[in-house]
Amino acid sequence: MAVHNADIVALFERLADLLEIEEANPFRVRAYRRAAMTLQDLPESAAQMVAQGRDLTELPGIGDDLAAKIKEVVETGRLRLLGEVEARTPSTLAALTSVPGLGPKRVHQLYEQLGISTLKQLEAAARAGRLRGLPRFGAALEAKVIEAAGRQATRERRLRISTAEDFARGLETWMKAAPGVGQVVVCGSYRRRRETVGDLDILATAEAAAPLIAHFTRYDEVAQVVSQGPVRSAVRLKSGLQVDLRVVPDESYGAALVYFTGSKAHNIALRRRGQERGLKVNEYGVFQGDRRLAGAREEDVYRALGLDYVDPVLREDRGEIEAAANGDLPRLLTARDIRGDLHAHTRASDGKSSLAEMAAAAAALAYEYVAITDHSRHATIAHGLDPARLAAQIDEIDRLNETLQGIRVLKSSEVDILADGRLDLPDALLDRLDLVVCAVHYQFGLDRRAQTERIVRAMDNRRCNIIAHPSGRLIEERPGYEVDLEQLIEAAAERGCFLELNAHPSRLDLDDVNCRFAKAHGVKIALGTDAHSTIGLGAMRYGVDQARRGWLEPGDVLNTRPWPELKRLLAR
DNA sequence: GCCGTTTTCGGCCCGACTGTTTTCAGTCG
């Protein structure tokens, strides 16, 4: 049974949680967390690196000890140290820290002094009033525990970025109406354009913070004010979403943007860099002693640290700081670079709009082309096109193109990859298309090897240009099918095939990390919205954001090319 | 446990808010 990076990540995180509760050296705990993060973002398989005898200590945050532990997990599937720790500290304790106000120190106390190791026991003890006997525990904390226990079932959901936008827009509008307000920006993972958002972090500037804080807590969707101080506040909305507000004066706007945008790992790395140069970095500015070197603008904060400006989408401590220091940050893709959409449906299969409507909508976006990729016959629920219907659509597109100006409809199909890797339509018909997009829509249950082989076999057909939504995941709904993306990327590179970044906000598939990995392998990415109506074409910006998070430049993306150049790239 | 234009040992980001306290530890982001 192969060990995946995610398995090692889970072991390290569990170990870090428990070590923290045991009050181990906090820097040792951090080392395990950092290693977990490195592995999480690592697009290659650590197991394979071990098998190839590669040096894991070259990875950031991995030294001799952790390299040996990764090797141990890869070879044995287990981590002995974790077993030893779990023998003295029950792993259920980690879940207790999910209660707001309970951290590792208090959980340790609860276990040592009251023998509490589960949420059930904790709730019972709180209801019995037994917590307030402990030092620095009181009635308020007991109430929090009881409240959190009741909420337990419904928590821990992250919102898709598109959903978060609804909440963010309302809050932004509300805060911009606050008395004496200057700037209002939604920061955090929202500004970094992550695919999901756990909470919203709003930064506002003002000379006097109090009126803003008061205004914030009066927002009509607020269910509960979680905390409220002179310069920051946190509320929970009726929907359950937590929103934090931070107010700073104008001269700290840039530094506060950096601080509140994160990521946490990026901030820590920035502050460490400052420290190495004798500078203190906080949300008020960059300081040398009492002297403020920067603070009003983000660019100045980075410059004071000897760095080029880092776009928010890159701020994940995945090498962007080194790149900014060396002047090799990528020139990221922008929406303006996109010349067309390579994945769209019409009502011929499961879409809502006609060919002509889709073409007009694409033209309105100033595109040069749009590929119509209706489903193939196997996708019966989606009214997939059989060879005769597709042949008719091809003729219809030819006729339509003769009437269009400035926009070209590309003849395509989202062809099902059958279970054995064959394509769902005959080669002779595929030869009549401008490009062929292939996708897995059923038989998600195949094991990893079979699923990977199935898709590689589809790519063996030289007519296959693009693998759509390569992992098959639906964000916050279902994981993808089991597949070795590393192998798919390598196979695509060998065959001159391309991988899609599906821009639909519930897919964003490939994800950022794998986009970057594909780029490193020289595999170009096709951006497509998977639009099922004219409105759906507007989802391209989510794909662009994800591509930017994957460090993609215009040259790494297929549909930044004018049609003649794209056509040449599609010829295999 | 990691890491190095001060270091192979001795550091390791920084500040706000809460709750329980008589000055601050713990938690959070």
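Owing to the predicted nature of the structure, the values given are computational and were not obtained by experimental measurement. Residue numbers begin at 1 in each chain, while the letters A, B, ... track the order of the sequences.
Applying the salt bridge (charged side-chain N to carboxylate O under 4.0 Å, His left out) rule to Lys519(A) yields the partners Glu553(A), Asp556(A); only residues at least two apart in sequence or on another chain are considered. Residues satisfying the salt bridge (charged side-chain N to carboxylate O under 4.0 Å, His left out) criterion with Arg292(A), sequence neighbours excluded, are absent altogether. In this structure, Arg273(A) has no salt bridge (charged side-chain N to carboxylate O under 4.0 Å, His left out) partners at least two apart in sequence or on a different chain. By the side chain to side chain donor-acceptor pair (under 3.5 Å) test, Arg331(A) pairs with no residue at all, sequence neighbours left out.
Nearest nucleotide to the side chain of Asn282(A), out of dA16(B), dC14(B), dC13(B): dC14(B). Listed nucleotides dT18(B), dC13(B), dG19(B) differ in distance to Ala140(A); the shortest reach to its side chain belongs to dG19(B).
Contact annotation: the side chain of Lys120(A) never approaches that of Glu123(A) to less than 4.5 Å [non-hydrogen atoms, C-beta and beyond]. Side-chain contact between Leu203(A) and Leu257(A) is present, with heavy atoms from C-beta onward closer than 4.5 Å. Using a 4.5 Å cut-off on side-chain heavy atoms (C-beta onward), Ile8(A) and Leu11(A) make no contact.
Of all the residues in residues 24-58 of chain A, Asn25(A), Phe27(A), Arg28(A), Arg30(A), Ala31(A), Tyr32(A) reach under 4.0 Å from DNA chain B with at least one non-hydrogen atom. The stretch residues 62-73 of chain A touches DNA chain B through Ile62(A), Gly63(A), Asp64(A), Asp65(A), Leu66(A), Lys69(A), each having a heavy atom within less than 4.0 Å of the strand. Using a 4.0 Å cutoff on non-hydrogen atoms, no part of residues 210-226 of chain A comes near DNA chain B.
Between the side chains of Arg191(A) and Thr261(A), at least one donor N or O sits under 3.5 Å from an acceptor N or O. Between the side chains of Glu13(A) and Tyr32(A), no donor N or O sits under 3.5 Å from an acceptor N or O. Between Gln183(A) and Thr205(A), the side chains place no donor N or O within less than 3.5 Å of an acceptor N or O (distance only, hydrogens not considered). Using modelled atom types, one finds no donor on one side chain facing an acceptor on the other under 3.5 Å when comparing His266(A) with Glu316(A).
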Could you pull out all donor-acceptor pairs under 3.5 Å where a side-chain atom in residues 99-113 of chain A meets a protein atom, sequence neighbours excluded?
| residue | atom | partner | partner atom | Å |
| --- | --- | --- | --- | --- |
| Arg106(A) | NH1 | Gly101(A) | O | 3.0 |
| His108(A) | ND1 | Ile21(A) | O | 2.8 |

Under 4.0 Å protein heavy-atom contact, by nucleotide of nucleotides 21-29 of chain B - B base, S sugar-phosphate only: ---BBSSSB

Protein proximity profile, nucleotides 4-10 of chain B - base contact B, sugar-phosphate-only contact S, no contact -, cut-off 4.0 Å on heavy atoms: -------

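To the nearest angstrom, C1' of dC17(B) lies 11 Å from CZ of Arg246(A). The CG-P distance, from Asp317(A) to dC3(B), rounds to 12 Å in whole Å. What separates CG of Leu18(A) from C1' of dG1(B) is a distance of 17 Å, to the nearest Å. At whole-Å resolution of the value, CG in Leu15(A) and P in dG1(B) are 9 Å apart.
Using a 4.0 Å heavy-atom criterion, one finds that Leu270(A) contacts no nucleic acid atom at all.
Nucleotides dG19(B) and dC12(B) are separated by 29 Å at their C1' atoms, to the nearest Å. Remark: the separation of the P atoms in dT6(B) and dG11(B) is 16 Å, to the nearest Å. Atom name P, nucleotides dC3(B) and dC13(B): the rounded distance is 13 Å, in whole Å. The same atom, C1', is picked in dT23(B) and in dT18(B); the two are 15 Å apart, to the nearest Å. dT20(B) and dC28(B) are spaced 14 Å apart, taking the P atom of each and rounding to whole Å. When the C1' atom is compared between dT8(B) and dC14(B), the two are found 28 Å apart, to the nearest whole Å. Straight-line distance between the C1' atoms of dG10(B) and dA16(B): roughly 29 Å, to the nearest whole Å. Straight-line distance between the C1' atoms of dG1(B) and dT5(B): roughly 24 Å, to the nearest whole Å.
A salt bridge is absent between Asp201(A) and Arg246(A); no separation between the charged side-chain nitrogens and carboxylate oxygens falls under 4.0 Å. Under a 4.0 Å N-O distance rule, the pair Arg28(A)/Glu20(A) does not qualify as a salt bridge.
For dA16(B), one of the phosphate oxygens OP1 or OP2 lies less than 4.0 angstrom from a side-chain nitrogen or oxygen of Tyr284(A). In this structure, Lys280(A) reaches the dG15(B) phosphate: one of its side-chain N or O atoms is under 4.0 Å from OP1 or OP2.
Among residue pairs with one or both ends in residues 217-243 of chain A, those qualifying as ring-ring contact (aromatic ring centres under 6.0 Å, His included) are Trp174(A)-Tyr219(A); sequence neighbours excluded. Counting only residues at least two apart or on different chains, no ring-ring contact (aromatic ring centres under 6.0 Å, His included) pair has a member in residues 240-262 of chain A.
dC2(B) is paired with dG11(B) under the criterion used here, namely a Watson-Crick or G-U wobble arrangement in which both key atom distances are under 3.5 Å.
With a 6.0 Å cutoff to the six-membered ring centre and a 45° limit on the axis angle, Arg194(A) does not count as a cation-pi contact of Tyr190(A).
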